[in-house]
Amino acid sequence: MTILDGKKIREELLEKYKEIIQEQDLNIVLAIIQIGDNSSSNTYVKNKVIYTKKVGIKTKVFKLPENLDENECITLINQLNNDSTITGILVQSPLPKQLDFKKLSRLILDSKDVDGLSKNNLFALRDNKEKIIPCTVKGILKIFDYYEISVEGKNIVIIGRSDIVGRPLADALINRNATITLCHSKTKNIEMYTSQADIVISAVGHPNLITKDMVKDQFIGIDVGINYVDGKLVGDFHENVKEKASYLTPVPGGVGPMTISMLIENLIELKRG
Ligand code: NAD
């Protein structure tokens, strides 16, 4: 079984990005809007600041109170849209209940949409004319490319239909001629689908959701899930899937490092215009 080593790919990519940013003298500034004090968001934002800094990108973090009114957030997004010193803007999820992540993300200008969530960027992906695509989706595609895993003609089951992972991932893989089944919380008998799949991608956030009796021999597993069990970081796959996998992403060290790398790649693309 081959471990799909996102951490190793990240280290190689960071070197490359650092060189590009230095050589082309790109002055990149990322604005991160974080609302509330969610512990996962604190970790995600901290990592984004650390890794962008490593390659010479500046960040401005707008940490706003939990009870923020929607209009105040809209005003901030508009200000950042109009600020020529800002290269990219992202709204960190999860958000407090009174705020609508989809609505707020779609207010970001296409030219600053580092997460690929604006209507035009999502439609371009749907239309097989990809521009900026969501970072986790792009990270998974990069893993396939790096390990020379062709998805064309493959039977791929994605579990999770969120706007940031499952749905855009389905579009991206259809663009690459894979056959896609998208499962979600209302899908009955998920194992009926996963047991037939060449590749299983889980983006749910439930530990041990996928076990070895649900997958076929030599399957390829991509684990997007982030869960904490007794203080330990785990994905959605049970340990025992290792017995059947041909390739597998670890958690930590698989998809996570790729997401942060693709954030940087998208920022470079936005800066170059
Ligand atoms: P989300 O909560 O928006 O979506 C979860 C999806 O899982 C939903 O579509 C839901 O229908 C489905 N689901 C819920 N319970 C299910 C079940 N029992 N069976 C099948 N499907 C079920 O989540 P999201 O933002 O897409 O994130 C999903 C997971 O991926 C989370 O653990 C998140 O932390 C993680 N994540 C990781 C990265 C990374 O870089 N590694 C990036 C984004 C998200």
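Both counts, for ligands and for their atoms, begin at 1 and track the order of listing.
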So that I can tick it off, tell me whether [Y] and [X] are bridged by a salt bridge, with the cut-off set at under 4.0 angstrom between side-chain N and carboxylate O.
{"X": "K103", "Y": "E70", "result": "yes"}
{"X": "R176", "Y": "E130", "result": "yes"}
{"X": "R126", "Y": "D171", "result": "yes"}
{"X": "K142", "Y": "E265", "result": "yes"}

4.0 Å protein heavy-atom contact status of atom 30 (O) of ligand 1, strictly under:
yes
Spacing of F62 atom CZ and L68 atom CG [to the nearest 0.5 Å]:
13.0 Å
Considering both backbone and side-chain atoms of T259, is one of its nitrogen or oxygen atoms within less than 3.5 Å of a nitrogen or oxygen in ligand 1?
yes
Polar contacts were defined as any N/O atom of the residue lying under 3.5 Å from an N/O atom of the ligand; does this apply to I226 and ligand 1?
yes
Give the atom numbers and elements of ligand 1 that come within less than 4.0 Å of a heavy atom of [X].
{"X": "H184", "result": "11 (O), 20 (C), 21 (N), 22 (C)"}
{"X": "V224", "result": "30 (O), 35 (C), 36 (N), 37 (C), 38 (C), 41 (N)"}
{"X": "G256", "result": "40 (O), 41 (N)"}
{"X": "G225", "result": "30 (O), 32 (O)"}
{"X": "V165", "result": "26 (O), 43 (C)"}

When you measure from the side chain of [X] to the backbone N and O of [Y], does any donor-acceptor pair fall under 3.5 Å?
{"X": "D198", "Y": "N155", "value": "yes"}
{"X": "D223", "Y": "F237", "value": "yes"}
{"X": "Y147", "Y": "D5", "value": "yes"}
{"X": "S41", "Y": "D37", "value": "no"}

Does the side chain of F219 come within less than 4.5 Å of T194's, by heavy atoms?
no
Are the side chains of Y247 and I199 in touch, meaning some heavy atoms are under 4.5 Å apart?
no
Any [X] heavy atom less than 4.0 Å from ligand 1:
{"X": "G166", "value": "no"}
{"X": "A203", "value": "yes"}
{"X": "I159", "value": "yes"}

With heavy atoms only and a cut-off of under 4.0 Å, state how [X] meets ligand 1: side chain, backbone, both or neither.
{"X": "I190", "answer": "side chain"}
{"X": "I164", "answer": "side chain"}
{"X": "Y44", "answer": "side chain"}
{"X": "V204", "answer": "both"}

Around [atom], find the nearest protein heavy atom and jot down its residue, atom name and distance.
{"atom": "atom 42 (C) of ligand 1", "result": "T136 OG1, 3.3 Å"}
{"atom": "atom 9 (O) of ligand 1", "result": "R161 N, 2.7 Å"}
{"atom": "atom 11 (O) of ligand 1", "result": "S185 N, 3.1 Å"}

ILVMFWY cluster, Y17 and L90 together (side-chain gap under 4.5 Å):
yes
Between the candidates K186, M258, H206, M262, which shows the shortest non-hydrogen contact distance to atom 18 (N) of ligand 1?
H206
Measuring from atom 23 (O) of ligand 1, which candidate in G205, S162, G6 has the nearest non-hydrogen atom?
S162
